[in-house]
K.L.:
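Okay, here's the structure, questions in a sec.
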Amino acid sequence: MVIYNYIIMEKYNFKKLEDKWQKKWERSSYGKAVDFDNKPKHYNLVEFPYPSGAGLHVGHCMGYGASDAFSRMKRMQGFNVMYPMGWDAFGLPTENYAIKTGRKPKDVTAENIKVFKKQMKRLAYSFDWDREIDTTDPEYYKWTQWIFLQFYKHAVVEGKLIEVEDDDQITPRLAYQAEMPINWCPSCKIGLANEEVIAGKCERCGAGTERKMQKQWMLRITEYADRLIDDLKTVDYLPQIATQQINWIGRSEGAEIDFRIQNTEYSLKVFTTRADTLYGATFMVVAPEHIIIPNLESRIRNYEEVKEYINNAKKKSDLERTDLAKEKTGVEIKGVKAINPINGAEIPIFIADYILASYGTGAIMAVPAHDERDYEFAKKYDIPIMEVIIPTVTDKHDPPKEGVETIFRNAIQAIVINRKSNKVLMLKWKKFPWTTFVTGGIDGKEDKITAAKREVLEETGYKGINFIKYLGGPVESNFYANHKGVNRKAHFWGMVFEIENNDKDEISDEEKEIHDVEWMTWEEIEKDKNIKCAEYEIWLERLKNDNQLFTDCGVLINSGEFDGMSSKEAENAIIKKLEKDNAGKSTVNYKLRDWIFSRQHYWGEPIPIIHCEKCGTLPIDEKELPVILPDVEDYQPTNTGESPLSNIDSWVNIKCPKCGEDAKRETDTMPNWAGSSWYYAAYITRGNSKSEYRNPKEDENLFSKYKKELKYWLPVDLYNGGMEHTTLHLLYSRFWHKFLYDLGCFTTPEPYKKRIAHGIILGADNRKMSKSFGNVINPDEIIDKYGADTLRAYIMFIGPYDQESAWNMNGVSGVYRFIAKVWANIGKAKENVDDELGRALHKTIKGVSDDIECYSMNTYIAKLMEFNNLMTQKDAINYETLKIYAKLLSPAIPHLSEELWEIVGEKGSIFESNWPDFDQKLIEEEDLVIVIQINGKVRDRLTVKSDISNAELKTLALNSDTIQHWLCGSKPKKIIVVPKKLVSIVI
RNA sequence: GCCGGCGUGGCGGAACAGGUAGACGCGCACGACUCAAACUCGUGUGAUAGCAAUAUCAUGUCGGUUCGAUUCCGACCGCCGGCACCA
């Protein structure tokens, strides 16, 4: 008996539906991550937001919505999923708001968090709210401070983490103090963040900013540089993210070379990756901040000029200083010379701001012949340019033969041009299939021009030619000289001549026998297959662009005993010699610099350090943590560049824990990066208890107490977040994790197993969403108008997950229409009816599962739409079909799916049900459409059974009428059969 | 400037491993419903030529590899992210 039980549906009322389910879910325990559950764990982390006053942004939803869908599917697939949320609440915007309004950052933050949380709940993100964290909570930053103290108390010596005694002044601690520049506004008398410096001007008052040196806390991240590169092999990051990390660390192997300064005890240490170019070092350049300048003050003849240059450099940012497009500036330091350790040459020293004190040693040896910036600088200041590396080529047609003598010679290649006809004088060899320029050796002491003119005369008879230019320096060419039976290693000088008149001498009979002389156009030369010239490409390139700088590796010339070596050989040999002479050594250098960890701000974690005049720098006793951020009256920074905290005497003044005398607290705070560097672990230690953090006992720390929990949950299985955080935040948190791993806090060396990233959402005008453009979309407005399900699905549908996409209101209504159509289709549900949707359904299950798994959210939604379109065509839909479809919908549109689950008569939540499996057979059992191409063009299509053999396919293809027609009786030269795809016929 | 991406119809985009370019959505056009409009439903929709079957062209530009390129390689143009104190 067939039961016709069409459901009478009312119109899709998202408001009613979403209210209903949100109330129910609020009371349920859905989303809770259970420590040590039997199910396999899946830690799904998404970056926590900075709770700004503007509320949740649709850009946030891009991350949270997709990760929520992923979490929901994983839970249905039987995983114990942790999907937590918290607040990265320290930061400048809140502090600036406090300065403006006088309100407490703490209060403002609490309000913002409330708004964010309410909005997230409206969007039905299934976070485990019991694990909510807030980096500004003293119970949280207690442990951020604890970690800082561990950095202070430890050092890495010979690759091992060791503890450093309090009074040890020598061992390099991982947290240390150093004089580092800050951006300083001389008018406001405050330190500025980079972002607050707009084109060298203070954002607040418009005055020009300077760099001011200040004692700052640093973290020795460079100590971990190699491991931060090497361990990338053990994780699964998007390739471009891993590359960015590697490039940011910028490991390069090279040499440290000492250049003595003449008549002084000082020397200049430089780092170079091109020790092979040492003979070409014709000057040195030091950064304006370099210590050598004050050291040499008495000897510098133009000290005033140098000083003025240094003062000007202070006004520029690193970015401006290193901009290649800008003209290089510099000043020669007169009165001192450096000595090139390899050949004793005296060379001038310059000071220039394109050299940064923070990279390498803050000084370089400049090799203008082989470095673009040095070249530019040398041209400008008229410094000699000495070529020491030349390109080397090997002839493809006649490579050197083994066991044959190699003869070296200096030689020329004359490119003789007839300007009127724009033709080039060429030789066509008679006994060999060669076409060449006029070429020949330089005899004895003959100069190159004479040699070239002589060769042209001998080989072609032309007398009236004028020398135009050299095509750069020589090129080494290695080939087997067939006509002489020897290998040649020739240094060819490319030279351009123009023909002045057609005066010709008779060529000797000998020469006549060797080659014909022919004038050819460049096109003819290019097409000539017999061009017997390995250096042809180089000449062509140099003809097009003047002053071709050779910056690649090659062969050494003008380098004494190292002449003829390859760059690589020479590099090793030169370093060896320097080592012997105690003038250098091979070394590794990094672009990565130590992390400036101090901020002169209020709204951050206080650095838990005491300064005592007598006892020096002392850590706060760990038992005294947290060092609570005190309330202040005025959040305005002080005019000494210190943090506002330094104004609170009652807080700053403290007794020294060691000697009991008057001492002061450190008033700098930590950067925003600090709290977010370990938050993924804080969710774990936060545990399930809703009331408060679970505090460890006296002799424990947070990580030792929750060792088991940390071991269970870490590493994070999948970390999702903005593309803009994939360099710095990711690197910083990996660094902290590795340090804590060394301390024994964690059991895995990497925090995140896999990292993906999402693009940003642009405004409808294709610009970044911003208040000033008036193109910001507030999620609340969209929810009010279309519902949370529509907003969630639209943001998934908006575009490729890892790219930026522009907001489009028409797109929102399209998604809304889709959901309303799904709702309408529910009305067609029937029992015991064959809706013939089985195959399509199983294809959809597979497609949807794959798409969610790899965060292809736009195609996930598209597949849901496609299936819905199929249902729309049907008069009746089986209950079972709808049930499975509801499951597929549920990660994207939870409210409607839950309602649908109830409508089809299921008890309990759809999210407690199992994710559907697909039947592989059902998907495969289809007929295939095979494409038939002739010469790469599609000419016919055949429908065949999927188990057809390649041979059958070939026969079928050739017998098709259409193909017969296209073949016109000609015989195929080649037939390519791609199983289950196509047949390609070449005629 | 340096490092990393991206570029496909009128628009957002799809094409997982080099094999049917344009799935899905928007927009537009026509039709149905309506007194009319909106909503909804149906049909069509890359360009050019043709009544049509069909053909040619087409994935930023130019070139290369291949039987075959949106996909791989090279050069160029344009846009976006990061550049160490925004988060």
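Note that this is a predicted model, so its numbers are computed, not measured. Quick note on labels: first sequence line is chain A, next is B, and so on, each numbered from 1.
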K.L.:
Enumerate the protein-to-nucleotides 52-59 of chain B contacts in which both atoms are nitrogen or oxygen and the separation is below 3.5 Å.
P.N.:
unit_1 : atom_1 : unit_2    : atom_2 : d
U56(B) : OP1    : Arg939(A) : NH2    : 3.3
U56(B) : OP2    : Arg939(A) : NH1    : 3.3
C57(B) : OP2    : Lys937(A) : NZ     : 3.1

K.L.:
Determine, for Glu179(A) against Arg211(A), whether the closest basic-nitrogen to carboxylate-oxygen distance falls under 4.0 angstrom.
P.N.:
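Salt bridge flag = no for Arg211(A) with Glu179(A).
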K.L.:
Between atom CZ in Phe597(A) and atom C1' in A84(B), what is the gap in whole Å?
P.N.:
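After rounding, the reported distance stands at 14 Å.
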K.L.:
Classify Gln600(A) by what it touches in the nucleic acid, base, sugar-phosphate, or nothing, heavy-atom distance under 4.0 Å.
P.N.:
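Result for Gln600(A) = base.
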K.L.:
Considering residues at least two apart in sequence or located in another chain, which fulfil the salt bridge (charged side-chain N to carboxylate O under 4.0 Å, His left out) criterion with Glu642(A)?
P.N.:
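So Glu642(A) forms no salt bridge (charged side-chain N to carboxylate O under 4.0 Å, His left out) with any residue.
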K.L.:
Across nucleotides 22-29 of chain B, 5' to 3', mark each nucleotide with B, S or - according to how protein heavy atoms within less than 4.0 Å reach it.
P.N.:
-BBSSS--
K.L.:
Counting any heavy atom closer than 4.0 Å, what does Leu92(A) reach on the DNA or RNA strands: base, sugar-phosphate only, or nothing?
P.N.:
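Sugar-phosphate only.
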K.L.:
For C83(B) and C73(B), measure between their P atoms and round to the nearest Å.
P.N.:
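28 Å, rounded to whole Å.
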K.L.:
Side chains of residues 860-869 of chain A: which donor-acceptor partners sit under 3.5 Å, not counting sequence neighbours?
P.N.:
unit_1    : atom_1 : unit_2    : atom_2 : d
Tyr860(A) : OH     : Leu888(A) : O      : 2.7
Tyr860(A) : OH     : Ala892(A) : N      : 3.3
Lys863(A) : NZ     : Asp851(A) : OD2    : 2.7
Asn868(A) : OD1    : Asn825(A) : ND2    : 2.8

K.L.:
For this output row, return yes or no: ring centroids of Tyr732(A) and Trp595(A) closer than 6.0 angstrom.
P.N.:
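Aromatic pair counts; centres sit under 6.0 Å.
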K.L.:
Which stems, defined as runs of 3 or more consecutive Watson-Crick or G-U wobble pairs with both pairing distances under 3.5 Å, involve RNA chain B?
P.N.:
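Counting only runs of 3 or more consecutive pairs, the stems involving RNA chain B are B:1-7 with B:77-83, B:10-12 with B:24-26, B:27-32 with B:40-45, B:46-49 with B:54-57, B:60-64 with B:72-76.
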K.L.:
Heavy-atom count around Lys212(A) NZ within 6.0 Å, excluding the residue itself: above 12?
P.N.:
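Correct, the count exceeds 12.
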K.L.:
Using only modelled atom types and a 3.5 angstrom limit, is any donor from either the side chain of Gln216(A) or the base of C85(B) paired with an acceptor on the other?
P.N.:
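Yes, the side chain and the base share a sub-3.5 Å donor-acceptor pair.
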K.L.:
According to side chain to side chain contact (heavy atoms under 4.5 Å, CB included), who are the partners of Asn112(A), at least two apart in sequence or on a separate chain?
P.N.:
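If we apply the side chain to side chain contact (heavy atoms under 4.5 Å, CB included) test to Asn112(A), skipping adjacent residues, the hits are Pro51(A), Val108(A).
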K.L.:
Could you write nucleotides 63-82 of chain B as a row of B, S and -, 5' to 3', where a protein heavy atom under 4.0 Å of any base atom gives B, of only sugar-phosphate atoms gives S, and otherwise -?
P.N.:
----BS-----------SBS
K.L.:
Between A87(B), G4(B), C86(B), which nucleotide gets closest to the side-chain atoms of Asn194(A)?
P.N.:
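Nearest to the side chain of Asn194(A) among the choices is C86(B).
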K.L.:
Report yes if at least one side-chain N or O of Arg599(A) is closer than 4.0 Å to OP1 or OP2 of C85(B); otherwise report no.
P.N.:
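Indeed, a polar side-chain atom of Arg599(A) lies that close.
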K.L.:
Nearest to the side chain of Arg593(A), heavy atoms from C-beta on, is which of A87(B), C3(B), A84(B)?
P.N.:
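Nearest to the side chain of Arg593(A) among the choices is A84(B).
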K.L.:
Taking the six-membered ring for Trp and the full ring for Phe, Tyr or His, determine whether the centres of Trp807(A) and Tyr794(A) are under 6.0 Å apart.
P.N.:
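Trp807(A) vs Tyr794(A): aromatic centres under 6.0 Å.
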K.L.:
Using the salt bridge (charged side-chain N to carboxylate O under 4.0 Å, His left out) criterion, which residues pair with Glu210(A)? Sequence neighbours excluded.
P.N.:
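None.
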K.L.:
Work out how far the P atom of G18(B) is from that of C24(B), and round it to whole angstrom.
P.N.:
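These two P atoms come out 24 Å apart once rounded.
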K.L.:
Between His601(A) and Phe90(A), is the ring centre distance below 6.0 Å?
P.N.:
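So the answer is no for these two rings.
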K.L.:
Would you check if the distance from the ring center of Tyr359(A) to the ring center of Tyr590(A) is below 6.0 Å?
P.N.:
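Not close enough - the centres of the two rings lie 6.0 Å or further apart.
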K.L.:
Mind checking Leu192(A) for me? I need base, sugar-phosphate or nothing, with any heavy atom below 4.0 Å counting as a touch.
P.N.:
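The answer is base, as Leu192(A) lies within the cut-off (heavy atoms under 4.0 Å) of a base atom.
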K.L.:
Check the pair Tyr855(A) / His758(A) against ring-ring contact (aromatic ring centres under 6.0 Å, His included), numbers first and verdict last.
P.N.:
CA-CA 9 Å; Tyr855(A) 274 68; His758(A) 60 80; 9.4 Å; no
K.L.:
Please find out if less than 6.0 Å separates the ring center of Trp603(A) from that of Tyr635(A).
P.N.:
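Centroid separation for Trp603(A) and Tyr635(A): 6.0 Å or greater.
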K.L.:
Quantified in whole Å, what is the P atom distance between nucleotide A29(B) and nucleotide C77(B)?
P.N.:
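So the two P atoms sit 41 Å from each other.
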K.L.:
Report the residues that fulfil salt bridge (charged side-chain N to carboxylate O under 4.0 Å, His left out) with Glu196(A), sequence neighbours left out, ordered by chain and then residue number.
P.N.:
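Here the qualifying residues are Arg204(A).
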K.L.:
Excluding sequence neighbours, so at least two apart, what forms salt bridge (charged side-chain N to carboxylate O under 4.0 Å, His left out) with Arg939(A)?
P.N.:
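Arg939(A) satisfies salt bridge (charged side-chain N to carboxylate O under 4.0 Å, His left out) with no residue once adjacent residues are dropped.
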K.L.:
With a 4.0 Å cut-off on heavy atoms, is Pro49(A) in touch with a base, just the backbone sugar-phosphate, or nothing at all?
P.N.:
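Pro49(A): no heavy atom of the nucleic acid under 4.0 Å.
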K.L.:
Roughly how many Å apart are G81(B) and A14(B), using the C1' atom of each and rounding to a whole number?
P.N.:
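It works out to 24 Å between them.
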K.L.:
Using a heavy-atom distance cut-off of less than 4.0 Å, which residues of residues 846-854 of chain A contact RNA chain B?
P.N.:
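Output list: empty, so none.
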K.L.:
The test is ring-ring contact (aromatic ring centres under 6.0 Å, His included); show your working for Tyr237(A) and Tyr719(A) and say whether it passes.
P.N.:
CA-CA 9 Å; Tyr237(A) 290 2; Tyr719(A) 187 19; 8.8 Å; no
K.L.:
Using a 3.5 Å cut-off and no angle test, enumerate the donor-acceptor pairs between side-chain atoms of residues 976-987 of chain A and protein atoms at least two apart in sequence or in another chain.
P.N.:
none

K.L.:
When rounded to the nearest 0.5 angstrom, what distance separates CG in Asn672(A) from CD in Glu95(A)?
P.N.:
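One gets 11.5 Å once the value is rounded to the nearest 0.5 Å.
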K.L.:
Using the P atoms only, state how far C11(B) lies from A47(B), rounded to an integer number of Å.
P.N.:
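About 12 Å, rounded to a whole number of Å.
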